[in-house]
Peer 1: 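Got a structure for you, written out below as C-alpha cells; questions coming shortly.
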Amino acid sequence: MQFLLGVLCLSGALTLSPSLPWKRHASLMHGEMSQNHTHPSIAGYPNRCDDLGFDAITPDEQGVTHFFRDEFLWSGFHSPADLINKTWPHLPDHLDAALRMHHKNSPDHHDRMFFFKGNQVWQYRGNIPEGQFLIHDKFPGIPDNLGAAVECPKGDCAEDSVIFFKGDTVYQLDLSTNAVKEKTWPELHHCTASYRWLEKYYCFQGTNFTRFNPITGHVPDGYPKDARNYFMRCEGREHAHKNKSVDVSIYNRCSNRSFDEFNEDELGRMYAFRDGWYFRIDSNRDGWHPWRTNSSWPSLHGKIDAVFSWNSKMYFIQGPNLFIYKTEARYSLIQGYPKPVAEELGIPGTSVKATFICPQSSLLYVIMGNHLQSVNLEQTPKVLGNGFRIAHFHVDGAMCTTKGVYLFVGTKFYKYDSPDQLAAWESSPEPQSISKHFMSCPH
Ligand SMILES: *[C@@H]1O[C@H](CO)[C@@H](O)[C@H](O)[C@H]1NC(C)=O
Ligand SMILES: *[C@@H]1O[C@H](CO)[C@@H](O)[C@H](O)[C@H]1NC(C)=O
Ligand SMILES: *[C@@H]1O[C@H](CO)[C@@H](O)[C@H](O)[C@H]1NC(C)=O
Ligand SMILES: *[C@@H]1O[C@H](CO)[C@@H](O)[C@H](O)[C@H]1NC(C)=O
Ligand SMILES: *[C@@H]1O[C@H](CO)[C@@H](O)[C@H](O)[C@H]1NC(C)=O
Ligand SMILES: *[C@@H]1O[C@H](CO)[C@@H](O)[C@H](O)[C@H]1NC(C)=O
C-alpha cells in the first residue's frame, strides 16, 4: 500500500515532493500494497495523525525513520507510538533535535545517533549509549537549545556535514574541518525537525513540511505541504493528485520491466534508470523511491540509451544527443549541451545500446547490437576501435565497477570479472536477477 500510494502521488502534479515513503523492509510486496490499514493507536498514547507535529525526526543506522514527540516515538512510517526510552535507554523526553551521522572518515562517529536537548547531546551506537556531552564540547560553534539537525553527507553537500537549525539561523558544520558557517535561509522558517530521506531534505514545522536544497536553502514551488498526506497514513487523508495513466511497472522497482541503464559515479552514487525515472541504489537501507531523472539531472527527460561517468562528469546518450553533467554535490548540465554524440565521442549515437567505463580508466566501451567497441576518451580525435562480439544479442544497459562488468538484459544481469573476460567469453555467465541483487526485491 505504501508504495502504491507513493506511486499514485508521484505520478501526479507533485513530482517534486516526496510521496509516502516506502517502508524499509524490501520484502513489501503486492499483497501488502493492497491493504489499507491506517495507523494503529494505543489508548493513552498519542496518535501521530493529530496536528501536533514532531520534536525531531531521523533515520537510524538501519534506515528506519523515527518520529519523536514528548516522551514518545513512532518507528517507521506506520507503527503505533512507544516510549523513547524503550529503544534508547536513558534518553530524555522532549528532544530538541536528532540525527544519524554519516562520516566514514571518523569511525567513532560514523553511523552514530545523536540526540540533542538543552545544552546536552547524547551519542548512541545502535541502541547502546556511548556518552553524554555538552553540545559546545562535542560540536564547537553550535548553540544550545536547537530547533533541528540533519546530516548532509558528501555527495549531497560538498563534504560530510551536519546542518543545525535554531530560530532563523542555519549552522553548517563541515565535519572534516569542524568549520561552522552561519547562514539565514529566508525560504525556511523555524524548523522544529529536519530530516533527510534518500537524497531529499525536509524541514518540518508542526505537521507542515518543506523540501529544501541543503546547499542553498532554496525551496521548490508548492511547499509547505502537510506531512500527514505523505509521511504517514492517516484516516480521511489521501494524495490529492493522481495520474493513473502512467504505467505502474515503471516505478515499481520489483516489476519485471527492464531497466534502460545502470551507473555508478565517482562519489559512489549508484543509479538504475528506467523510462525517465531513476532509483538510487546505494542508499537502499533508507528505502526506495522512484524520482524523475530531471529532478537530479536538469533537462534530462525520458528514456536514455547509455550513461557513464568519467573525469568527474556524468555522460548520458539519448538518441543522437550527448548530455554532460558536472558531478558535484548536485549535477549541473554543462553549458552548450546536449550536443551530437557522433561529433563529441566519434560514435554513431543512435545505435548505442549501452556504455561502460571501468574505474581509473579512460577507455569507454560501447555496445551496439552484439558488438563491443572501445574509444579512448583521452585521445583527440576520438576514434572507435575495432571491437569484438559478445555473447548477448541484445543488451539494455551496462556498468563497470571495482567488482567487474555487469551487462543488463531484460530482468537479468550477467557479471564478468573484466572487459578481457567479456572479450574472451566461451559461454556466458549464469544470468542473475536484477530485482533481487540490485533492487532488494524477493525475486
Ligand atoms: C479498506 O478499509 C475499509 C474500511 O476499514 C474496508 O471496508 C475495506 O475492506 C478495506 N479494503 C481493503 C482492500 O483492505
Ligand atoms: C521511560 O520514560 C517514561 C516516560 O518519560 C518514564 O516514566 C520511565 O520512568 C522511563 N523509564 C526508564 C527506565 O527510564
Ligand atoms: C502550514 O501551512 C499552511 C499553508 O499551507 C499554513 O496556513 C499553516 O499556518 C501552516 N502551519 C504551520 C504550523 O506552520
Ligand atoms: C498523466 O501522465 C501521462 C503520461 O505521462 C501524461 O501524458 C498526462 O499529461 C498526465 N496527466 C496529468 C493530469 O498529469
Ligand atoms: C511481467 O509480469 C506480468 C504480471 O506479473 C505478466 O503478465 C507479464 O507477462 C510479465 N512479462 C514478462 C516479459 O515476463
Ligand atoms: C521534470 O519534468 C516534469 C515533466 O516531465 C516537470 O513537471 C517537472 O517540473 C520537472 N522538474 C524539474 C525539477 O525540472
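Both ligands and their constituent atoms are indexed starting at 1 by order of listing.
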Peer 1: Return the CZ to CZ distance between F54 and F209, rounded to the nearest 0.5 Å.
Peer 2: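 Rounded to the nearest 0.5 Å, the CZ-CZ separation comes out at 11.5 Å.
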Peer 1: Are there protein heavy-atom neighbours of atom 5 (O) of ligand 2 below 4.0 Å?
Peer 2: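 For atom 5 (O) of ligand 2 the answer is yes, since some protein heavy atom falls inside 4.0 Å.
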Peer 1: Between K303 and D305, does at least one N-O distance fall below 4.0 Å, as a salt bridge requires?
Peer 2: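 No, no charged N to carboxylate O under 4.0 Å.
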Peer 1: For atom 13 (C) of ligand 3, grab the closest protein heavy atom and report residue, atom and distance to one decimal in Å.
Peer 2: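 For this ligand atom, the closest protein heavy atom is Q205 O, 4.0 Å.
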Peer 1: Around atom 11 (N) of ligand 2, find the nearest protein heavy atom and jot down its residue, atom name and distance.
Peer 2: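 The answer is N85 ND2, 2.9 Å.
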Peer 1: Looking at atom 2 (O) of ligand 3, what's its closest protein heavy atom, distance included?
Peer 2: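 Minimum-distance protein heavy atom for atom 2 (O) of ligand 3 reads N208 ND2, 2.2 Å.
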Peer 1: Is the closest basic N to carboxylate O distance between K181 and D174 below 4.0 Å?
Peer 2: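 A salt bridge is absent here (no side-chain N lies under 4.0 Å from a carboxylate O).
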Peer 1: Side chain to side chain contact (heavy atoms under 4.5 Å, CB included) with N85: which of T87, D82, L83?
Peer 2: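 Result for side chain to side chain contact (heavy atoms under 4.5 Å, CB included) with N85: L83.
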Peer 1: Would you say the ring centroid of H289 lies under 6.0 angstrom from that of W197?
Peer 2: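 Distance test on ring centres: under 6.0 Å, yes.
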Peer 1: Answer yes if a protein heavy atom lies under 4.0 Å from atom 9 (O) of ligand 2, otherwise answer no.
Peer 2: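 No; the ligand atom in question lacks any protein heavy-atom contact below 4.0 Å.
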Peer 1: Are any of the N or O atoms of N294 closer than 3.5 Å to those of ligand 6?
Peer 2: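 Checking ligand 6 against N294, an N or O pair does fall under 3.5 Å apart.
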